[in-house]
Amino acid sequence: MADTQSVISDVKLFIERLKKELPEVFGQPDAKPGAASVQTPSDTDNKVLYNGDLFEARMYVTPDQEEGVAFDGTIFHIYLHSKDSDPSALVTEWLRNKANETLKAKTKEWAEKIGVEFNNIVIKDQKTCWASCSGKKNINYSYRIIKMPLAVQDYLMVHELCHLVHMNHGQEYWQLVAQFSPDYKSHRRWLNENKGSIFAEVELTYREEPQEDARLKDETTT
């Protein structure tokens with residue numbers, strides 16, 4: 001049975017795909033009958049996929065402040081030097097840094113639970129593979145894993161760490177995976193159904209926010 005967070009994430013991502021595929025259906029609710037549907041960038045874009053959920057992104061031009069991203073648990077606040085700055089690049093860098101921090105720490109925790117040892121962990125920008133484990137006990141992750149629900153992230157870590165015991169996908173391997181990730185089949189289905197959203201690049205369009213709504217960059221949470 002799939003965990004609740006993954007189910008909710010699946011539904012949200014499905015709706016987002018429908019918005020892009022059927023813009024005429026998801027137009028402005030107060031539009032006059034027969035009028036063309038109009039969507040602003042904030043309706044269709046300006047959302048960041050992180051830990052399986054879609055969060056609003058707000059942008060502020062702050063020339064005297066260092067460019068960067070602050071996440072308060074609900075909104076991604078993006079600080080730019082000018083309107084020509086690239087908010088997508090800033091958020092991508094933030095996600096990569098968060099992946100480097102989180103995936104390495106959680107993999108160590110799972111390795112202790114499973115009772116295995118690895119050599120090194122490398123976070124890459126892989127676009128066709130979620131993760132891999134080499135014969136030298138090195139584990140590679142795509143930073144994009146950080147976009148997935150936490151339970152799916154955990155499954156991928158378990159998946160790779162179990163290869164340190166069985167370097168194959170035989171019956172004994174899957175039995176070991178099931179010990180630590182009983183819902184691995186539902187997690188695999190989630191990956192297959194949402195890989196397009198996970199591999200997609202961050203795409204944000206600048207939209208000016210009221211200056212009084214800006215938050216201090218150091219007020220961040222994970």
* Asked: How far does CG of Leu204 sit from CG of Asp86, to the nearest 0.5 angstrom?
  -> 8.5 Å
* Give a yes or no on whether the backbone of Ser186 and the side-chain of Asp183 come within a donor-acceptor separation of less than 3.5 Å. => no
* Residue pairs involving residues 158-181 (criterion salt bridge (Lys or Arg N to Asp or Glu O under 4.0 Å); sequence neighbours excluded) -> none
* Asked: Is there a path from Trp94 to Phe199 through hydrophobic residues (I, L, V, M, F, W, Y) whose side chains come within less than 4.5 Å of each other?
  -> yes
* Asked: Under 4.5 Å between any side-chain heavy atoms of Gln153 and Ile146, yes or no?
  -> yes
* Report the distance from atom CG of Asn51 to atom CG of Leu150, rounding to the nearest 0.5 Å. => 4.5 Å
* Check the angle between the aromatic planes of Phe76 and Tyr50 and answer parallel, tilted or perpendicular using the 30° and 60° thresholds. => perpendicular
* To do: Check the side chains of Asn138 and Asn120 for a donor-acceptor pair under 3.5 angstrom, ignoring hydrogens and angles.
  => no
* Asked: Asp125 versus Tyr143: any side-chain heavy-atom pair under 4.5 Å?
  -> yes
* Taking Asn46 for its side chain and Thr205 for its backbone only, find out whether a donor-acceptor pair lies under 3.5 Å. => yes
* To do: Answer whether the closest heavy-atom distance between the side chains of Ile123 and Arg96 falls below 4.5 Å.
  => no
* Asked: Any side-chain heavy-atom pair from Leu95 and Asn97 closer than 4.5 angstrom?
  -> no
Could you pull out all donor-acceptor pairs under 3.5 Å where a side-chain atom in residues 161-169 meets a protein atom, sequence neighbours excluded?
from   : atom 1 : to     : atom 2 : distance (Å)
His163 : ND1    : His166 : O      : 3.0
His163 : ND1    : Asn168 : O      : 3.4
His163 : NE2    : His159 : NE2    : 3.4
His163 : NE2    : His169 : NE2    : 3.3
Asn168 : OD1    : Gly170 : N      : 2.9
His169 : NE2    : His159 : NE2    : 3.3

* Report the distance from atom CG of Asn140 to atom SG of Cys133, rounding to the nearest 0.5 Å. => 9.0 Å
* To do: Please report the shortest heavy-atom distance between Thr62 and His81, naming the atom on each side.
  => O-CD2, 4.0 Å
* Rounded to the nearest 0.5 Å, what's the gap from CE on Met59 to CG on Leu80? Could you check? => 7.0 Å
* State, yes or no, whether a side-chain contact exists between Phe71 and Lys98 at a heavy-atom distance under 4.5 Å. => no
* Grab the two heavy atoms, one from Ile145 and one from Trp130, that are nearest each other, plus how far apart they are. => CD1-O, 3.3 Å
* Asked: Which atom names give the shortest non-hydrogen contact between Val61 and Tyr206, and what distance separates them?
  -> CG2-OH, 3.3 Å
* Side chains of Glu67 and Ser85: do they bring a donor and an acceptor to under 3.5 Å? -> yes
* Asked: What are the two closest non-hydrogen atoms of Ser132 and Gln126, and how far apart are they?
  -> OG-NE2, 4.5 Å
* Asked: Looking only at heavy atoms, what is the nearest atom pair of Lys136 and Asn119, with distance?
  -> O-CB, 3.5 Å
* Restricting to pairs with a member in residues 104-114, which pass salt bridge (Lys or Arg N to Asp or Glu O under 4.0 Å), not counting sequence neighbours? -> Lys106-Asp154
* Verify whether the ring centers belonging to Trp190 and Tyr155 lie closer than 6.0 Å. => no
* **Least distance between heavy atoms, Ile78 atom then Ala57 atom** => CD1-CB, 3.9 Å
* To do: Starting from the C-alpha separation in whole Å, work towards a yes-or-no answer on salt bridge (charged side-chain N to carboxylate O under 4.0 Å, His left out) for Glu201 and Arg144.
  => CA-CA 9 Å; Glu201 302 293 341; Arg144 298 162 193 269; 3.0 Å; yes
* Any side-chain donor-acceptor pair under 3.5 Å between Tyr141 and Thr107? -> yes
* To do: Calculate, to the nearest 0.5 Å, the distance between atoms NZ and CD1 belonging to Lys147 and Ile198 respectively.
  => 6.5 Å
* **Sub-4.5 Å side-chain heavy-atom contact between Ser142 and Lys127** => no
* Taking C-beta and beyond as the side chain, do Asn194 and Met148 meet within less than 4.5 Å on heavy atoms? -> no
* Structure fact -> Rounded to the nearest 0.5 Å, the CG atom of Leu103 sits from the CE atom of Met157 at a distance of 4.5 Å
* Within the distance-only criterion (no hydrogens, no angle test), does the side chain of Lys47 pair as donor or acceptor with the backbone N or O of Glu56 below 3.5 angstrom? -> no
